[in-house]
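Below is one structure; the comments refer to it alone.
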Amino acid sequence: MPYNPKEIEQWYKENYKYFFGEGDKILIIDTPPPYPAPLWHIGAALSYALQDFIARGFRKLGYKVIFPEGFDGNGIPIEMYLEKYEKIPFGSIDREEYIKKCRQILDSWREKMDKILKDLLLSMDFEHRYNTDDPEYRALTQKTFAELWEKGLIYEAEYPINYCPHCKTAIADAEIERKIKKTKLVYIKFKIKDSDDYITVATTRPELLGACKAIIVHPDDERYKKYHNKIAIVPYYNREIPIIPHKMADPNFGTGAVMICSYGDWVDVQIFRELQLKPEKIIDENGRLTIEPVKGLTTKEGREKMIEVLKQLGVVEKIEEIEHSVPVHERCETEIEIIPMKEFYLKQLPFKEEIKKLSKEIEFIPERYRKNLENWIDSITIDWPISRRRWYATEIPLWYCPKCGYIHVAKDGKYHQPWKEEMVCPRCNTKMVGETRVLDTWMDSSITIYYLIKKYSKILGIDEEGLFNNYTLRPQGYEIIRTWLYYTLLRVYQLTGKKAFDFVVINGMGLDKHGRKMSKRYGNVIEPETLLEKYGADTLRYWFAMEISIGEDYRINEQKIAGIMKFMNKVWNIANYISQYQYRETQNLKPTDEWIINYVKYLENKAIEYIRNFEFNKLARELYRFVWDVFANHYIELTKKRAKNNDDSAIYALYFVFERVLNMLSIFSPGIAKYLAKKLYNKDIEKEKLKYWGKVRLDLLYKGEKLIEFNNYVWKLKTSQGKKLKDPISIEIPKELEIFKEDLILLHNIQ
RNA sequence: GGGCCCGUAGUCUAGGGGUAUGACGCCGCCCUUACAAGGCGGAGGUCCGGGGUUCGAAUCCCCGCGGGCCCACCA
């Protein structure tokens, strides 16, 4: 019967039941809840295989492992989808309907992804799946909001904030990406008051001229020293503004003179604050300009219009085409504007040092990503804006009394929707107004571990504190260190005073075989379903285990995957070979058999170390070499004739070694391992732990290497002499291999 | 501008002071009763370049060159 992954894996899935593992220690894996999408990136899907190696590996080390299944759902992506593909723009239908629609689509995607997770043969707790957009989960988010509100860590304030004109909501720094774009650098002449002189500034934002409140030049810039603290006149608007020396002006860029507007970028914000200038709000919440001559235009349109106007005034000195990086919203790639808005903030500045201290107590795998987190923490300059003007997210659980001004926060632990839920002021009995805004989705995702501790302490019947004091592990990609990891550390610390994780394991990204990112644009996207269908999960997973070095990007090369399928076939055939013999025991092991048994014990001892250090690729590679190059090619060949004569020792060794192999293999390729172990040993190999065998006989391992060398030598000799491998040969057996004499004579037909 | 990572056969990779791992591909021989999805053998490399440390460098240090990532206010 040939190897048929489909049949085996189907059998596996049908018999699957979640198993925590047996042991005193508990490891909680804070599985990333993926954001649902109609197409799942192969790299994202495979990252769950790495988590499964950790889960299965640690169960084999004697841990109870919590490996939950969860999905995200809150936030802007689904709303973007609705707008783009369902042609339902935000605000075009009733809020209730809109939310229902989002949920429906998300759920249908989640079913597909759930199937992929199961097809990957993950040892996940599929029975207790959670969604961050479930009422139960959102209730917890709201409860934590109320807690922090009561502690005074949340406040509302009007500050300039990153605003996405497309999504019509404020966003946090962590949600911003930078894109290199071509733009015009416009050189504009400003007249100096009471003089015929003028000063030229270079700007990429001429449309903001109406909000220009100052010009800065570098204090040491000789060209402009004569203008320090003089007054310049803004063209078109004829407003008088000061020319101020400030070290933020770079003499080497443009003309060295910079116009400061409310707000072109965060430098402007900083300087307005420092110089206590009065900001002018000239962009509205639709991203449109509000003053002439650009009233009603978008910033892009306004830019062109303003250039025309300034040209007619004769104040444009020149225009250069430059490339520079502009901040865009990571979800929709729209250029962000900085607009003063009234939003809720969660205090994070006072926690910077404490979070940095916590990060030093966390073990990062690999270590270098700790710096990545620390760099981000260092770069934080404002508190976290957490309110969003969207619909599909967790509602801010607040009501306002129009009469007495009382603000009610829901802290009953239930899920609330203030935009439709009526509330009467407990102080003056007036009907209150519900908050319509929602929370940044990271407010939900940053408490996954907090949620899981609560949930699994109930399932396992352990108190929360006790569960938290075990081991927590966060697996995730490096691209969300500044968001998911950082926000989780912050939130969990604010809620519990503890570090969220003992371990952070960073996975790399899956690239195509040439090392390029996969994207629709290049046409190099591989879907998980395709590979699963073609090679099966056991093969895909084993390939992945061999391929990845934790924290490094890896390339997906189908030829290699196909190569690993041959390995599965090899394992299958070894089982086939062994199964022709009846299991038997012996007290008298022959040297060749003792050698191979020592070898596999040595490997299993090493496996324990490898798993502790998250070095799955090393284990997978060594197991591969052992099974194929040592066990199959040398050991089985050496003992074939002896086994055929029903030699107890040989048959015992075959069974013994292969069981240890299946035990290790079941971490990576659980389908085939479980199937074969059931067949040959009638055991559930998934539930077997790894065994530490103590000292092994290194002298035998050494002799074994010599044995392999000798076999290769004889085979080479026969080949070079044009003999067949079974032809007789006359050759002296080296002294150190004397103990293997019986098997060597049979294998090589030595006369 | 700051920080981090990576350059090893046609392709991809392991190793991180002492004759350079392995996979895929390529070439030759072999259907040897577990396996042709196999076995045996073979060709293929100034380990990016240049200096230094050393008896000895792919490996450690410095300087380049090339690629990638993260952060930062270049208007």
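Chain letters run A, B, ... following the sequence lines, proteins first, then strands; residues in each count from 1. Computed from a predicted model, the values in this text were never measured in an experiment.
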If the threshold is 4.0 Å, N to carboxylate O, is there a salt bridge linking A/Asp173 and A/Arg482? no
Give, for atom CG of A/Leu680 and atom OH of A/Tyr583, the distance between the pair rounded to the nearest 0.5 Å. 12.0 Å
If we call it a pair only when both distances are under 3.5 Å in a Watson-Crick or G-U wobble match, what pairs with B/rC74? none
Quick one: is B/rA75 close enough that its OP1 or OP2 comes under 4.0 Å of any side-chain N or O from A/Thr204? no
Would you tabulate the pairs of protein nitrogen or oxygen atoms and nucleotide nitrogen or oxygen atoms of nucleotides 26-34 of chain B closer than 3.5 angstrom?
residue : atom : partner  : partner atom : Å
B/rA34  : OP1  : A/Lys640 : NZ           : 3.4
B/rA34  : O2'  : A/Asn573 : OD1          : 3.4
B/rA34  : N7   : A/Lys640 : NZ           : 3.4
B/rA34  : N3   : A/Asn573 : O            : 3.1

All N/O pairs under 3.5 Å across the protein-nucleotides 22-25 of chain B interface:
residue : atom : partner  : partner atom : Å
B/rC24  : O2'  : A/Gln559 : OE1          : 2.9

Here the distance between atom P of B/rC35 and atom NE2 of A/His634, to the nearest Å, is 19 Å
By the Watson-Crick or G-U definition, both distances under 3.5 Å, B/rC29 is matched with B/rG39
With rounding to the closest Å, how many angstrom separate the P atoms on B/rA20 and B/rG25? 25 Å
List the steps and the verdict of salt bridge (Lys or Arg N to Asp or Glu O under 4.0 Å) for A/Glu659 and A/Lys678. CA-CA 11 Å; A/Glu659 186 184 349; A/Lys678 170 91 181 145; over 6 Å; no
Could you list by number each residue of residues 260-268 of chain A showing a heavy-atom separation from RNA chain B of less than 4.0 Å, or answer none if no residue does? A/Asp265, A/Val267
Electrostatic pair A/Glu9:A/Lys6 at N-O distance under 4.0 angstrom: no
Just list the side-chain donor-acceptor pairs under 3.5 Å for residues 706-713 of chain A, sequence neighbours left out, or say none.
residue  : atom : partner  : partner atom : Å
A/Asn711 : OD1  : A/His748 : NE2          : 2.8
A/Asn711 : ND2  : A/His634 : ND1          : 3.0
A/Asn712 : ND2  : A/Ile708 : O            : 3.4

Can you tell me how far P of B/rA75 sits from CZ of A/Phe272, to the nearest Å? 17 Å
Between A/Tyr369 and A/Phe364, is the gap from one ring center to the other below 6.0 Å? no
Run the salt-bridge test on A/Lys213 and A/Glu280 with the 4.0 Å N-O cut-off and return the result as yes or no. yes
Hunt down the Watson-Crick or G-U wobble partner of B/rG44, both distances under 3.5 Å, from any strand shown, or write none. none
Report yes if the distance between the aromatic ring centroids of A/Tyr655 and A/Tyr681 is under 6.0 Å, otherwise no. yes
Closer to the 5' end of RNA chain B via nearest nucleotide, is it A/Ile322 or A/Trp376? A/Trp376
Can you tell me, in whole Å, how much space there is between the P of B/rA75 and that of B/rG66? 24 Å
Euclidean distance, atom NZ of residue A/Lys716 to atom C1' of B/rG41 [Å, nearest integer]: 8 Å
Would you say NZ of A/Lys716 has more than 12 non-hydrogen atoms from neighbouring residues, nucleotides or ligands within 6.0 angstrom? no
Can you name the one residue among A/Leu50, A/Asn617, A/Asn613 that meets side chain to side chain contact (heavy atoms under 4.5 Å, CB included) with A/Ile550? A/Leu50
Could you work out, with side-chain contact (heavy atoms from CB on, under 4.5 Å) as the rule, every residue matching A/Ala632, not counting sequence neighbours? A/Lys570, A/Ile574
Heavy atoms only, 4.0 Å cut-off, all strands: where does A/Asn372 land among base, sugar-phosphate and nothing? sugar-phosphate
Salt bridge present between A/Arg368 and A/Glu552 (N-O < 4.0 angstrom): yes
B/rU21 and B/rA58, which share atom name C1', separated by this distance in whole Å: 13 Å
Watson-Crick or G-U wobble mate for B/rG56, both contacts under 3.5 Å: none
Mind checking the CE-CG spacing from A/Met546 to A/Leu623? Nearest 0.5 Å is all I need. 9.5 Å
Pairwise salt bridge (charged side-chain N to carboxylate O under 4.0 Å, His left out) hits with a residue in residues 244-265 of chain A, at least two apart: none
Rounded to whole Å, how long is the line connecting atom CD1 of A/Ile336 with atom C1' of B/rC73? 13 Å
Could you list the residues that satisfy side-chain contact (heavy atoms from CB on, under 4.5 Å) with A/Lys723, not counting sequence neighbours? A/Lys718, A/Gln721, A/Asp727, A/Ile729
Collect all protein-nucleotide pairs involving nucleotides 3-7 of chain B in which both atoms are nitrogen or oxygen and the distance is under 3.5 Å.
none

Distances for protein N/O vs nucleotides 18-21 of chain B N/O pairs under 3.5 angstrom?
none

Among the candidates B/rC12, B/rG41, B/rC74, find the nucleotide nearest to the side-chain atoms of A/Glu547. B/rC12
Any chance the rings of A/Trp572 and A/Tyr675 have centres within less than 6.0 Å? yes
Establish, for the pair A/Lys189 and A/Tyr198, whether the NZ or CZ atom is under 6.0 angstrom from the six-membered ring centre and no further than 45 degrees off its axis. yes
A/Lys184 pairs by salt bridge (charged side-chain N to carboxylate O under 4.0 Å, His left out) with which of A/Glu304, A/Glu320, A/Glu207? A/Glu304
Within the structure, does a side-chain N or O atom of A/Arg205 lie under 4.0 Å from either OP1 or OP2 of B/rA75? no
Complementary nucleotide of B/rU21, counting Watson-Crick and G-U pairs under 3.5 Å: none
B/rC74 to B/rC55 separation - P atoms, rounded to the nearest Å: 49 Å
If the C1' atom of B/rC70 is compared with that of B/rU8, how far apart are they to the nearest Å? 26 Å
Any pair counted as salt bridge (charged side-chain N to carboxylate O under 4.0 Å, His left out), so long as it reaches residues 628-637 of chain A, sequence neighbours left out: A/Glu637-A/Lys640
Taking only the C1' atom of each, what is the distance from B/rG10 to B/rG56 in whole angstrom? 32 Å
Between B/rC26 and B/rC31, how many Å separate the two C1' atoms, rounded to a whole number? 22 Å
Scanning all shown strands, the Watson-Crick or wobble mate of B/rC69 with both distances under 3.5 Å is B/rG3
Taking only residues two or more places apart in sequence, or in another chain, which ones meet A/Arg541 in a side chain to side chain donor-acceptor pair (under 3.5 Å)? A/Asp52
Is there a residue in residues 474-482 of chain A whose heavy atoms reach under 4.0 Å of RNA chain B, and which residues are they? A/Arg482
Short side-chain donor-acceptor distance under 3.5 Å, A/Ser649 and A/Asp593: yes
Take atom CD1 of A/Ile708 and atom C1' of B/rG39, then tell me their distance rounded to the nearest Å. 16 Å
Closest-nucleotide 5' rank along RNA chain B - winner of A/Ile216 and A/Met565: A/Met565
When rounded to the nearest Å, what value does the distance between P atoms of B/rU46 and B/rU11 take? 12 Å
